[in-house]
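Down below is the structure, laid out as structure tokens.
FYI, side chains are in, hydrogens and waters are out, and symmetry mates aren't considered; it's all heavy atoms of this structure. Remember, it's 1-based here, ligands and their atoms both numbered in the order they're listed.
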Amino acid sequence: MARLTVITGPSGVGKGTLVRQLLARHPQIWLSVSATTRSPRPGEVDGESYFFLGREDFEQRVRAGGFLEWAEFAGNLYGTPRQAVEDHLAQGRPVLLEIELEGARQVRRTFPAAFQLFIKPPCFAELERRIRGRGTDSDAAIGQRLERARVELAAEEEFDAVLVNDDLGEACEQLERLMHLTSKKPPIGGASAAG
Ligand code: ADP
Ligand code: 5GP
């Protein structure tokens with residue numbers, strides 16, 4: 001796989017779900033933990049899901065050049081801490097960033113060799129069902145996220161590859177193929193017959 005992979009796609013499309021499955025099967029991949037000014041959702045752990053920062057602290061780190069990229073999304077700031085990414089790349093670990101469109105564009109300029117993958121839903125109505133079904137965001141936040149989703153979906157052609165997350169098991173397998181990962185483990189989704 002490419003040394004650096006960027007995964008982007010509208011909120012609620014299933015990026016987190018896909019990435020969790022990928023990491024479970026390929027523990028050599030290192031997933032960057034972003035910083036954000038968003039409040040933690042129930043169950044999110046500081047330093048694992050995100051580094052949760054106050055806005056001033058975040059802005060101070062921006063000024064100090066501490067982020068590889070950063071952007072505002074649905075009223076909150078998000079950024080990739082630079083040092084940890086550089087350290088893992090220097091160690092030869094494959095690095096994965098799960099970030100929104102503006103951040104992906106910044107990384108395209110600074111790491112043109114990175115593999116940039118866009119995840120999209122089978123249709124917009126399904127995206128809305130997923131984001132509502134997840135039950136983690138207020139109505140206002142869902143509205144902002146869906147509005148932003150239209151902008152992100154219009155940018156899919158900028159990416160090296162596009163993956164439709166319809167059936168989760170199939171999407172996981174496609175993700176592995178696109179990242180040139182091979183695995184001897186049984187197919188995701190629990191199917192017992194290899195076919
Ligand atoms: P994102 O990280 O892109 O915001 P999540 O991974 O949180 O999205 O997924 C949003 C919701 O959609 C979750 O409730 C998740 O379980 C569900 N989901 C993810 N992938 C699929 C899929 N292929 N089919 C149906 N539901 C899915
Ligand atoms: P959420 O609030 O749902 O966790 O994330 C909202 C959006 O922010 C998602 O599209 C997610 O990919 C993106 N995001 C998460 N971390 C970063 C980051 O470090 N930089 C950028 N630019 N976007 C991020």
Side-chain angles (χ1 to χ4, degrees), residues 4-24 31-53 58 61-62 66-85 95-111 114 116-138 140-153 155-156 159 163-175 188-189:
L4 181 62
T5 300
V6 175
I7 291 187
T8 300
S11 182
V13 75
K15 300 180 298 297
T17 306
L18 282 164
V19 165
R20 270 194 301 280
Q21 298 232 8
L22 186 76
L23 296 183
L31 173 68
S32 165
V33 179
S34 297
T36 184
T37 62
R38 164 166 81 60
S39 306
R41 294 174 178 145
E44 285 187 331
V45 177
D46 190 30
E48 289 180 17
S49 319
Y50 282 105
F51 297 103
F52 294 99
L53 303 180
F58 191 104
R61 288 175 203 226
V62 170
F67 292 122
L68 193 68
E69 60 72 37
W70 69 276
E72 180 151 6
F73 180 91
N76 295 299
L77 304 179
Y78 294 82
T80 302
R82 180 189 298 280
Q83 191 66 50
V85 171
V95 169
L96 187 61
L97 309 183
E98 192 250 275
I99 60 179
E100 56 67 68
L101 178 64
E102 293 302 328
R105 286 174 171 161
Q106 291 170 46
V107 175
R108 204 171 294 149
R109 288 195 291 273
T110 49
F111 284 89
Q116 294 224 342
L117 175 61
F118 188 81
I119 316 275
K120 72 174 192 178
C123 64
F124 200 84
E126 173 62 14
L127 180 70
E128 185 161 0
R129 264 194 294 281
R130 286 185 195 171
I131 199 170
R132 290 192 188 284
R134 185 169 65 185
T136 51
D137 301 283
S138 66
I142 288 173
Q144 272 179 311
R145 280 159 189 265
L146 289 174
E147 198 177 304
R148 189 66 200 159
R150 297 204 183 269
V151 176
E152 297 212 327
L153 289 166
E156 68 168 81
F159 287 76
L163 191 166
V164 180
N165 180 21
D166 191 352
D167 176 81
L168 183 60
E170 275 174 29
C172 287
E173 283 171 23
Q174 244 182 307
L175 178 59
I188 299 160

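Within the structure, ligand 1 has Gly12 among the residues with a heavy atom less than 4.0 angstrom away. For Gly133, the closest heavy-atom approach to ligand 1 does not fall below 4.0 Å. Under the 4.0 angstrom criterion for non-hydrogen atoms, Gln106 is not in contact with ligand 2. Every heavy atom of Val19 sits 4.0 Å or more from the atoms of ligand 1. Within the structure, ligand 2 lacks Glu152 among the residues with a heavy atom less than 4.0 angstrom away. Put simply, part of Tyr50 is less than 4.0 Å from ligand 2, judged by heavy atoms.
Checked by distance only, ligand 1 and Arg20 stay at 3.5 Å or farther apart across all their nitrogen or oxygen atoms. In terms of N/O distances under 3.5 Å, ligand 1 is not approached by Glu126. Residue Glu69 has at least one N or O atom closer than 3.5 Å to an N or O atom of ligand 2. Considering backbone and side-chain N/O atoms, Arg130 comes within less than 3.5 Å of an N/O atom of ligand 1.
Which parts of ligand 1 touch Gly16 is read off a 4.0 Å heavy-atom cut-off, strictly below it: atoms 1 (P), 2 (O), 6 (O).
Summarising the local packing, CZ of Arg41 is surrounded by more than 12 heavy atoms from other residues, nucleotides or ligands at distances under 6.0 Å.
Atom OH of residue Tyr78 and atom CD of residue Glu98 lie 10.0 Å apart, to the nearest 0.5 angstrom. The distance from atom CG of Leu117 to atom CG of Leu163, rounded to the nearest 0.5 Å, is 5.5 Å.
Of the listed residues (Pro10, Gly14, Pro121), the one carrying the non-hydrogen atom nearest atom 8 (O) of ligand 1 is Gly14.
Note: Phe118 and Phe159 have tilted aromatic rings, judged against thresholds of 30 and 60 degrees for the angle between ring planes.
Side-chain contact check for Arg38 and Thr36: no donor-acceptor pair (N or O, by modelled atom type) lies under 3.5 Å.
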